[in-house]
J.: 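Take this structure first; my questions come after.
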Amino acid sequence: MGRLFGTDGVRGLANVDLTAELALDLSVAAAHVLGEAGAFEGHRPRAVVGRDPRASGEFLEAAVVAGLASAGVDVVRLGVLPTPAVAYLTGSTGADLGVMLSASHNPMPDNGIKFLARGGIKLDDVIEDAIEARMNEEWQRPTGADVGRVTDDGQGFETYVSHLVRSAPNRFDGLKVVIDCANGAASQTAPEALRRLGAEVVTVAAAPDGLNINLNCGSTHIEGLQREVIGHRADVGIALDGDADRCLAVDANGELVDGDQILAVLALAMRDSGRLSNDTVVATVMSNLGFVQAMVRERIAVEQTKVGDRYVLEAMKAGGHKLGGEQSGHVILSDHATTGDGTLTAVMLLARVAQTGKTLADLAGAMTRLPQVLVNVKDVDKNRAGTDAAVQSAVADATSRLGDSGRVLLRPSGTEPLVRVMVEAESSDTAHEIAHSLADVVATSLKL
């Protein structure tokens with residue numbers, strides 16, 4: 001069996017892969033590991049638990065709460081709130097542990113458990129491994145007054161929304177915004193924050209029923225929002241995902257503004273206001289070359305990491321940087337959040353539109369998105385992708401042909417016998433031609 005924890009907690013098909021028993025065992029083990037690491041020293045431990053609106057979140061929440069309380073941890077149930085809200089409240093309330101039940105942008109039948117350490121930060125791999133190793137062990141159970149108590153917090157919504165409003169550098173009066181909440185965890189918080197900041201807000205997919213989260217809506221189905229923006233003659237469209245940790249946008253013409261373009265707009269805004277520390281933004285190797293070129297023109301450095309918001313955050317912490325993100329719309333603004341926050345990203349993007357008086361299309365035009373083609377080559381020996389002579393020769397030839405106007409990237413999958421071939425070029429035809437030519441070489445040379 002492989003590692004239980006993935007890059008974003010434990011995920012799987014609810015009640016098959018991710019069962020109530022597993023959720024309870026994980027929670028007990030987490031309490032033991034963090035307790036023995038000194039996280040609870042000198043005080044009675046307290047955890048906050050939130051979830052997205054998936055039906056399975058109801059029984060999984062009960063299991064997590066039972067596990068923590070049985071291990072002597074007081075639990076505060078936050079109810080349905082976005083992942084970044086749970087992270088923020090873990091820090092702002094001084095909780096020892098935060099737990100979020102969500103599978104983010106995954107389909108409704110899936111769910112997941114994410115543990116957050118004090119301050120609302122993701123657990124280190126070492127701690128996650130220790131939790132996994134301690135599951136199902138014999139333990140001394142507390143009794144009497146030493147068992148955890150369970151309460152509900154009705155203030156989390158207001159505390160988080162107020163935080164979003166305070167974070168905005170200016171108001172959005174006069175802007176008409178359509179927001180697609182993916183029938184997810186931000187269906188109430190996100191529209192409320194934007195309205196308090198002065199925007200005229202039209203909501204889409206903001207009526208979660210436990211079964212419709214991410215269903216043909218949200219950041220993974222942007223086409224619905226594009227139609228609504230044009231139909232309502234809105235200035236901007238905002239698309240969140242199920243747990244609202246990512247944000248994509250649509251301009252008034254119905255054109256997609258992806259995570260790279262949002263990052264470019266925010267980098268320039270922060271640079272102009274003196275808030276972009278080290279004049280550096282952190283992105284991943286999958287960020288469009290057009291983004292890097294735009295930042296070079298603006299004399300903003302780009303530090304690139306492996307794909308995954310946890311790697312972006314690590315680089316931000318190591319370098320003291322304030323802004324980072326991914327093409328998918330995960331954007332981290334570390335002055336205000338410890339994790340990607342889709343609503344916070346939208347707040348900052350709309351603030352820039354309002355402050356400059358420019359359209360989102362004009363602002364996003366700071367970068368030209370190069371055609372990007374991704375080909376997945378299956379059933380190959382991914383471990384030889386970086387050393388096989390034929391593959392490396394083909395990559396070198398393609399790189400030489402593209403020069404400064406494009407790039408080639410080979411990425412072995414972390415979980416499958418698969419290599420991802422990514423090519424960017426000035427024209428879509430060139431990108432397709434080179435990507436598929438390289439994919440053929442990879443398939444032939446690395447065949448299992």
Side-chain angles (χ1 to χ4, degrees), residues 8-20 23 49-64 77-86 99-114 156-157 160-161 164 177-195 201-232 234 236-250 254 256 328-330 340-346:
D8 216 19
V10 178
R11 284 191 192 175
L13 181 59
N15 219 26
V16 175
D17 304 315
L18 182 55
T19 62
V49 178
R51 64 181 179 87
D52 74 20
R54 291 167 211 265
S56 61
E58 297 165 2
F59 77 77
L60 289 171
E61 176 192 58
V64 167
R77 287 185 298 215
L78 300 174
V80 174
L81 283 176
T83 292
V86 174
V99 187
M100 179 65 188
L101 294 156
S102 177
S104 192
H105 59 280
N106 284 25
M108 180 276 294
D110 290 347
N111 216 324
I113 301 177
K114 181 189 297 183
F157 175 94
Y160 175 61
V161 170
L164 292 170
V177 181
V178 179
I179 184 163
D180 182 340
C181 299
N183 289 315
S187 292
Q188 293 183 20
T189 54
E192 178 65 17
L194 301 191
R195 288 191 179 105
V201 179
V202 177
T203 58
V204 175
D209 61 9
L211 306 177
N212 59 0
I213 187 169
N214 297 322
L215 183 61
N216 300 319
C217 58
S219 61
T220 53
H221 297 277
I222 202 77
E223 60 279 356
L225 177 62
Q226 291 172 313
R227 290 192 297 270
E228 294 289 342
V229 167
I230 292 172
H232 286 280
V236 180
I238 298 294
L240 305 175
D241 67 339
D243 70 335
D245 66 350
R246 69 173 68 185
C247 166
L248 296 177
V250 171
L256 171 67
S328 61
H330 280 112
D341 187 331
T343 310
L344 177 65
T345 301

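Index from 1, following the sequence.
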J.: Would you check if T189 and P82 make a side-chain contact, meaning some heavy-atom pair closer than 4.5 Å?
T.: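 Heavy-atom side-chain distance check passes, below 4.5 Å.
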J.: Look up atom CG in L194 and atom CG in L164, then write down how far apart they are to the nearest 0.5 Å.
T.: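 These two atoms lie 8.5 Å from each other.
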J.: Is the closest side-chain heavy-atom distance between V250 and I230 below 4.5 Å?
T.: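 They are not in contact (no side-chain heavy atoms under 4.5 Å apart), so the answer is no.
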J.: Could you check if a side-chain atom of Y160 sits within less than 4.5 angstrom of a side-chain atom of D341, using non-hydrogen atoms only?
T.: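 In contact.
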J.: Any idea which heavy atoms bring L211 and A55 closest together, and the distance?
T.: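 Here L211 and A55 meet closest at CD2-CB, 4.1 Å.
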J.: Distance from M108 atom CE to D52 atom CG, nearest 0.5 Å?
T.: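 These two atoms lie 11.0 Å from each other.
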J.: Measuring from T220:OG1 to L215:CG, what's the distance to the nearest 0.5 Å?
T.: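 Reported to 0.5 Å precision, the distance equals 9.5 Å.
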J.: With heavy-atom distances below 4.5 Å as the criterion, would you say the side chains of V161 and R195 are in contact?
T.: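 No, their side chains stay 4.5 Å or more apart.
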J.: Give the minimum heavy-atom separation between A205 and S187, together with the two atoms involved.
T.: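 Closest approach of A205 to S187, heavy atoms only: O-OG, 4.0 Å.
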J.: Work out which heavy atom in V178 is nearest to a heavy atom in A234; give both atom names and the distance.
T.: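 Reported closest heavy-atom pair: CG2-CB, 3.7 Å.
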J.: Pick one: which of D180, T345, I179 meets side-chain contact (heavy atoms from CB on, under 4.5 Å) with L240?
T.: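 Filter result, single survivor: I179.
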J.: Within a strict 4.5 Å, meaning less than it, do heavy atoms of the L60 and R51 side chains meet?
T.: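 No, every pair of side-chain atoms sits at 4.5 Å or beyond.
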J.: How many angstroms lie between atom CG of D245 and atom CE of M100, to the nearest 0.5 angstrom?
T.: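 These two atoms lie 9.0 Å from each other.
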J.: Specify the closest pair of heavy atoms between V86 and G50, including all atoms of both residues, with the distance to one decimal.
T.: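 Scanning both residues, the minimum pair turns out to be CG2-CA, 3.8 Å.
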J.: Give, for atom NE2 of H330 and atom OG of S219, the distance between the pair rounded to the nearest 0.5 Å.
T.: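 So the gap between those two atoms works out to 8.0 Å.
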J.: Would you compute the distance between atom CZ of R54 and atom CD of E61 and round it to the nearest 0.5 angstrom?
T.: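 Rounded to the nearest 0.5 Å, the CZ-CD separation comes out at 14.5 Å.
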J.: When you compare the side chains of S104 and D241, does any donor N or O come within less than 3.5 Å of an acceptor on the partner?
T.: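 Side chains of S104 and D241: pair found under 3.5 Å.
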J.: Which pair of heavy atoms, one from N214 and one from G242, lies closest together, and at what distance?
T.: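 That would be OD1-N, 3.1 Å.
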J.: Search all heavy atoms of A206 against all heavy atoms of N183 and return the closest pair with its distance.
T.: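 In terms of heavy atoms, the two residues are closest at N-OD1, 3.4 Å.
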J.: If we only count heavy atoms from C-beta on, is the L18 to I113 side-chain gap below 4.5 Å?
T.: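 Of all side-chain heavy-atom pairs linking I113 with L18, at least one is under 4.5 Å.
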J.: Pairing donors with acceptors under 3.5 angstrom, does anything connect the side chains of S56 and N111?
T.: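 S56 vs N111: donor-acceptor pair found between side chains.
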J.: Is there a side-chain contact between C247 and I238 (heavy atoms, below 4.5 Å)?
T.: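 C247 vs I238: side chains touch.
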